[in-house]
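Each remark here refers to the structure printed beneath this line.
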Number of protein chains: 2
Amino acid sequence: MGNRGPTLEDVAREAGVSRATVSRVVNGVRNVAPDIQRSVRDAIARIGYTPNQAARSLVTRRTGTVALVLSATGRAFAARVFSDPFFGRVVDGVLPVLRERGIQPVLLVAESEQARTQLVEYLRQGGADGALVVPLDQDDPLPAMLVAAGLPTVLFGSPRDGERCGFVDLDNAAGARLAAEHLWATGRRRPATIAAPVTAPTADERLDSFRDVFAARGVTSVPVVRGRFTVDSGRRAMAKLLKDHPETDAVFAANDLMAQGACQYLREQGVAVPGTVAVVGFDDSVAARKARPQLTTVRQPVERMAAAMAGLLVEELDGGGSGPASKVFDPVLVVREST
Amino acid sequence: MGNRGPTLEDVAREAGVSRATVSRVVNGVRNVAPDIQRSVRDAIARIGYTPNQAARSLVTRRTGTVALVLSATGRAFAARVFSDPFFGRVVDGVLPVLRERGIQPVLLVAESEQARTQLVEYLRQGGADGALVVPLDQDDPLPAMLVAAGLPTVLFGSPRDGERCGFVDLDNAAGARLAAEHLWATGRRRPATIAAPVTAPTADERLDSFRDVFAARGVTSVPVVRGRFTVDSGRRAMAKLLKDHPETDAVFAANDLMAQGACQYLREQGVAVPGTVAVVGFDDSVAARKARPQLTTVRQPVERMAAAMAGLLVEELDGGGSGPASKVFDPVLVVREST
DNA sequence: GAAATGTGGGAGAGCGCTCTCCGAAACCTT
DNA sequence: AAGGTTTCGGAGAGCGCTCTCCCACATTTC
């Protein structure tokens with residue numbers, strides 16, 4: 001606490017110059033004669049000076065920090081976040097962009113009502129210059145709260161109506177269409193889907209488009225079971241599907257983990273994949289390649305999207321003007337062994 | 001940015017009192033007459049005042065923030081952190097303790113050399129009041145760097161010699177002994193182990209104690225294969241073990257994920273578990289209960305340890321004196337289906 | 001009734017830094 | 001040589017808050 005280290009003033013005295021000059025050297029602004037620069041740097045090293053961020057922020061109104069917020073409204077927060085490789089990919093995408101610009105990335109988690117309030121308060125008080133938000137649930141109030149607090153914010157996934165903030169997103173509808181058309185083209189006529197939880201941000205976009213493709217070709221009924229994005233829930237969903245609709249010859253799951261669970265269950269029951277039932281996943285996460293059979297899946301370029309998200313925020317932060325921007329990415333179908 | 005909101009001064013004017021009085025109300029110190037208190041609160045609500053954390057920190061030398069640092073020296077950082085449920089458990093344990101005290105938890109990740117330097121710099125400049133560090137690798141220089149920077153620090157896992165900081169740890173040796181004695185008692189005489197990577201903090205503590213137990217009973221050779229804490233590496237390790245030491249009748253893995261991989265591989269090869277080979281894991285993570293067969297494992301009370309870690313730091317932070325404290329937890333053997 | 005005690009509020013000095021002015025010196029220009 | 005321009009360093013005014021004094025007044029005590 002009372003760790004009061006040396007200040008600019010101390011460095012100035014040590015180097016025999018003024019506070020202003022030391023500040024200029026530290027921040028590398030304007031011209032300072034080379035020899036004075038050297039003597040200042042020496043003094044800094046000699047007495048072990050570190051700038052005080054609080055003092056700096058007070059005048060610059062900047063912290064040099066950006067928050068990456070993982071937010072959920074439901075239960076089992078940590079279990080969800082620290083088992084789905086999706087978040088790791090987001091982090092992987094965001095970090096380099098921020099580091100490169102000397103911005104300190106800070107992970108914040110909002111796992112409860114209370115946490116969310118504390119978090120918004122923290123950011124309002126100047127905890128970070130902006131926020132990158134990855135909402136796990138569709139009805140998450142956090143983005144709206146941040147926007148209302150006037151904090152520059154960029155979302156992973158489209159904002160709901162009225163939330164005026166930047167975002168990156170995947171063209172989910174196009175991805176689902178890709179999957180549907182592939183299954184149709186390979187002769188499947190009895191598809192079913194393991195959908196996202198109703199609360200998921202992307203829940204119905206993927207589902208509806210998938211059905212539309214088949215509906216347009218005369219297949220009007222596509223059974224749906226909701227999963228919870230985990231391998232286990234995929235198994236359970238598949239079990240239900242197999243029981244209620246044994247004629248099913250194709251399954252489209254809303255993420256790879258659930259697709260993997262479906263494959264596991266099918267094979268355990270002696271159902272051939274892809275022989276009898278074809279399975280398509282979503283994301284193209286590491287799970288897709290590790291599963292056996294390797295999954296055919298809709299690739300979501302998560303790292304690139306995350307990087308873009310960080311890029312948009314950084315732009316908004318120093319560009320100033322022009323307001324929230326956004327970027328939508330195109331999915332690609334990756335055909336492997338499960339279809 | 002130029003988001004200059006209302007200040008204490010504005011509230012004071014609005015409420016017709018002095019800056020000092022508003023400050024007293026906001027921070028709830030000393031006596032302020034009830035009616036004045038009310039009028040100040042009204043004024044705050046009316047003009048939407050939020051205290052400026054930078055200004056506050058500048059004088060108090062406190063941020064009200066604690067960093068939870070995940071640090072690794074190797075590759076594939078995010079993949080490791082966001083797939084092993086272990087970290088979720090740590091987060092789950094730490095958060096409530098901090099929230100309860102109104103401390104804002106901030107997750108920091110040190111995934112590279114550069115990140116580590118930036119991070120230490122950030123914390124030295126007053127990014128947080130203290131750090132909770134979860135090192136993934138034994139040779140991680142971060143704890144030493146933080147201690148050197150004078151930051152109150154508490155580790156998950158014992159510090160290396162000379163690092164003078166608080167920590168919580170599991171009695172790993174006792175855990176390994178528990179596993180060994182259980183296997184011995186159930187008649188296993190040809191044990192092998194799937195050990196942690198040499199770089200892991202707990203690598204040899206578990207391994208050595210396990211061997212000691214068997215050595216004391218005349219079994220002097222215990223084959224070792226190193227894994228990488230993942231299911232996949234467990235499979236590979238088991239394959240090697242089965243090839244080189246087909247007589248093996250028991251396997252002790254350094255975490256549940258590897259034990260799970262071992263079980264999978266054994267069963268796929270038609271080797272009965274626990275009939276022919278018994279398997280013991282470590283941690284008692286969710287994976288242990290989800291695996292089939294359900295794993296016998298050494299329970300590490302991660303959440304409680306994490307909570308204690310946070311508690312120790314908080315104490316050091318406001319207690320001041322007395323220096324770094326520590327706490328060691330006892331493991332428990334949980335017998336399930338795999339032995 | 002005067003002194004001692006307690007209570008509630010204001011004044012104002014910083015915390016460590018940035019950044020706008022200013023002025024002194026050095027360098028061109030015609 | 002006189003003026004203009006550029007270069008470089010210092011002075012000093014805050015940024016928004018906390019916190020120590022200090023003072024005015026109310027209450028108690030002998």
Side-chain angles (χ1 to χ4, degrees), chain A residues 1-41 43-44 47-65 121-122 124-127 129 318, chain B residues 1-41 43-44 47-65 121-122 124-127 129 318:
Chain A
M1 286 180 293
N3 213 0
R4 84 177 53 215
T7 73
L8 258 199
E9 192 72 49
D10 299 327
V11 178
R13 201 176 316 115
E14 177 80 15
V17 297
S18 76
R19 225 171 40 243
T21 301
V22 179
S23 175
R24 285 196 272 261
V25 171
V26 171
N27 297 294
V29 291
R30 261 187 48 178
N31 275 338
V32 175
D35 53 330
I36 294 208
Q37 246 181 76
R38 252 222 342 283
S39 80
V40 168
R41 286 190 206 291
I44 289 178
I47 67 180
Y49 167 73
T50 306
N52 177 319
Q53 183 57 46
R56 192 177 261 178
S57 296
L58 183 55
V59 25
T60 59
R61 294 163 186 295
R62 284 281 210 141
T63 63
T65 290
E121 191 61 8
Y122 174 69
R124 283 195 64 192
Q125 298 185 357
D129 296 333
D318 39 57
Chain B
M1 289 175 289
N3 212 2
R4 86 177 52 217
T7 73
L8 258 198
E9 192 73 49
D10 298 327
V11 178
R13 202 177 314 115
E14 177 80 15
V17 297
S18 76
R19 223 170 44 241
T21 301
V22 179
S23 175
R24 284 183 194 117
V25 172
V26 170
N27 297 294
V29 291
R30 262 188 45 181
N31 274 340
V32 175
D35 53 330
I36 294 208
Q37 246 181 78
R38 251 221 343 284
S39 79
V40 168
R41 284 190 207 290
I44 289 178
I47 67 180
Y49 167 73
T50 307
N52 177 319
Q53 183 56 47
R56 192 176 260 177
S57 295
L58 183 55
V59 24
T60 60
R61 294 165 184 295
R62 284 281 211 143
T63 63
T65 290
E121 190 60 9
Y122 174 69
R124 284 196 63 193
Q125 298 185 356
D129 297 333
D318 38 58

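Naming: A, B, ... by sequence-line order, numbering from 1 per chain. Small disclaimer: the values here were computed from a predicted structure and weren't measured.
Within the nucleic acid shown, A:A20 comes within 4.0 Å of at least one base atom, counting heavy atoms only.
Residue A:R19 comes nearest to A:L8 through the heavy atom pair CG-CB, 3.8 Å, listed as atom of the first residue, atom of the second, then distance. For the pair A:V11 and A:V40, the tightest heavy-atom approach, listed with the atom from each and the gap, is CG1-O, 4.3 Å. B:T63 and B:D129 get closest at one heavy-atom pair: N-OD1, 2.8 Å.
Residues A:N52 and A:T7 fail the side-chain proximity criterion, which asks for heavy atoms closer than 4.5 Å. Inter-residue side-chain proximity for A:I44 and A:E14 is flagged as unmet; no heavy-atom pair is nearer than 4.5 Å.
Atom CD1 of B:I36 and atom P of C:dT7 are 16 Å apart (whole Å). Summarising the geometry, the separation between CD on B:Q53 and C1' on D:dT18 is reported as 12 Å, rounded to the nearest angstrom. The interatomic distance linking A:N27 (CG) with C:dC17 (C1') rounds to 9 Å, in whole Å. Remark: C1' of C:dC17 and CG of B:L58 are 8 Å apart, rounded to the nearest angstrom. The interatomic distance linking B:R24 (CZ) with D:dT18 (P) rounds to 11 Å, in whole Å. Taking atom CZ of A:R61 as the reference point, atom P of C:dC17 lies 18 Å away to the nearest angstrom. A:L8 places its CG atom 6 Å from the P atom of C:dT18, with the value rounded to the nearest Å. Between A:D35 atom CG and D:dG9 atom C1' there is a gap of 12 Å when expressed in whole angstrom units.
Residue B:S18 places none of its side-chain N or O atoms closer than 4.0 Å to OP1 or OP2 of C:dA11. For B:T7 and D:dG16, the shortest distance from a side-chain N or O to OP1 or OP2 is not below 4.0 Å. Between A:T21 and the phosphate of D:dG10, there is a side-chain N or O to OP1/OP2 separation shorter than 4.0 Å. Between A:S23 and C:dT18 there is a side-chain N or O to OP1 or OP2 distance below 4.0 Å.
Here the side chain of A:R19 is nearest to one of D:dT18, D:dA13, C:dG9, namely D:dA13.
Residues B:A33 and A:P51 each lie close to DNA chain C; by heavy-atom proximity, the contact nearer the 5' end of the strand is made by B:A33.
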